Amino acid sequence: MFKIGCHVSVAGGYEAMGKDALYAGGNTFQYFTRNPRGSKSKTPSPEDVAALRRLMEEHGFSAPLAHAPYTYNPCAKDEHIRKYTADTMAEELRFLENLPGSLYNFHPGCHVGQGTEAGIVMIADMLNAIVTPAQSTTVLLETMAGKGTEIGGKFEELRAILDLLRPEIADKVGVCLDTCHIHDGGYDIAGDTDAVVAEFDRVIGLSRLHAIHLNDSKNPLGAHKDRHEKIGDGNLTADGIKRIINHPLLKEKPFYLETPCDLDGYAAEIALLKSWREDV
Ligand code: FE
Ligand code: FE
Ligand code: ZN
């Protein structure tokens, strides 16, 4: 089954996100746990969350992907930012048990000069402190473009974080592969899909891959930039995107669009992607 969804706004409530996903032709969706630039969030009503659960069940949705705000930094130099990040993420993970089986994605963070190795230890320490063996949510480290002091631009950096996790929580932490980010990071996922998938499997393991952010890129391979483009309009090209969504080792994973689109734009992209899939 083609699991495909787009980024939707949480502003109208939880059930509204499910309705937006259906409107766009999706069977899953991604949303920010709170306004990406701010830090205020209002707690949704239990009725609203229950209504979303009913909608997802009725329409056979695949797990929704909650994306942590960009303001979090698990490997900040400033201890207060690290503590704020850990406390807020722990709170969000507790809330997500209201939507059992969720995925929760975050950017590993920027080490801001402390060095990659120190950053990797801080990220693992935070996960070891906040992820519990009993939770139903899978927490995902996102592959990054490697701009500035970002951690996660190389598969090996994510592997190093996973290797530092307590064994009891190892199956609660995985990876979300962002096609724009890794392309910008120098992995030719669009042009040489087989080789990059094999490299991901060798370094991280495909069993740790729980979600794919499906984006085209405005920048050339290895630009270390991170500017998303609409599907088929960027350097990944339509043919590259076709290879990715039909790849035998990727096609069963859920795909989430984060292209620069409004809801009607997403509906058009999802329709286009369905027409490119070899099994629908
Ligand atoms: Fe992201
Ligand atoms: Fe992404
Ligand atoms: Zn991005």
Side-chain angles (χ1 to χ4, degrees), residues 3-10 17 26 28-39 63-75 85 88-89 92 96 102-110 123 127 137-155 157-158 161 173-187 189-190 196 200 204 208-231 233-236 240-241 244-245 250 253-261 265-266 269-270 273:
K3 297 171 190 158
I4 179 73
C6 60
H7 189 90
V8 298
S9 170
V10 71
M17 294 195 291
T28 187
F29 58 92
Q30 172 179 268
Y31 61 104
F32 281 122
T33 51
R34 57 189 77 203
N35 182 314
R37 298 287 166 200
S39 58
L65 177 54
H67 193 310
Y70 298 141
T71 44
Y72 297 179
N73 188 0
C75 58
T85 299
T88 321
M89 281 178 56
E92 289 174 351
L96 280 176
S102 281
L103 301 169
Y104 178 84
N105 173 73
F106 74 103
H107 294 184
C110 293
I123 297 160
L127 290 170
T137 298
T138 307
V139 177
L140 306 180
L141 296 152
E142 182 165 353
T143 59
M144 303 308 293
K147 65 172 155 35
T149 67
E150 242 170 28
I151 290 178
K154 295 193 178 77
F155 296 162
E157 293 170 4
L158 299 181
I161 297 167
V173 183
V175 171
C176 170
L177 187 154
D178 186 308
T179 57
C180 165
H181 294 178
I182 70 166
H183 163 91
D184 284 20
Y187 294 97
I189 181 74
V196 174
F200 184 99
I204 296 175
R208 305 304 284 268
L209 178 61
H210 293 267
I212 296 172
H213 281 163
L214 188 64
N215 302 308
D216 212 325
S217 171
K218 286 189 193 294
N219 287 291
L221 184 69
H224 299 290
K225 282 285 199 331
D226 186 3
R227 297 272 315 282
H228 302 190
E229 181 55 283
K230 291 180 178 146
I231 295 300
D233 286 356
N235 287 289
L236 272 71
I241 300 281
I244 294 167
I245 62 170
L250 302 180
K253 311 281 182 186
F255 294 90
Y256 303 84
L257 292 164
E258 334 176 273
T259 50
C261 286
Y266 279 134
E269 282 193 342
I270 289 175
L273 290 162

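Order of listing sets the numbers, starting from 1, for every ligand and every atom in it. Values reported hereafter were calculated over all heavy atoms of this structure, with side chains retained and with hydrogens, waters and symmetry mates removed. The shown structure was predicted, so the numbers you read here are calculated from the model rather than taken from an experiment.
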Side chain to side chain, Phe255 and Ile245, heavy atoms closer than 4.5 Å: yes
is_close_aromatic(Tyr187, Phe200), centroid dist under 6.0 Å: no
Pair His181 + His228: ring centers closer than 6.0 Å: yes
Among His213, Gln30, His67, the one residue meeting side-chain hydrogen bond (donor to acceptor under 3.5 Å, both in side chains) with His7: Gln30
[X] side chain to [Y] main-chain N or O, any donor-acceptor pair under 3.5 Å?
X	Y	result
Asp216	Gly234	yes
Thr143	Asp178	yes
Asn73	Cys110	yes

Neighbouring protein N, O or S atoms of the Zn ion (ligand 3), below 2.8 Å: 3
Total protein N, O or S atoms, the Fe ion (ligand 1), separation less than 2.8 Å: 3
Under the side-chain contact (heavy atoms from CB on, under 4.5 Å) test, residues paired with Thr85 that sit two or more places apart: Tyr72, Pro74, Ile81, Met89, Met126
Set of side chain to side chain donor-acceptor pair (under 3.5 Å) partners for Tyr266, sequence neighbours left out: none
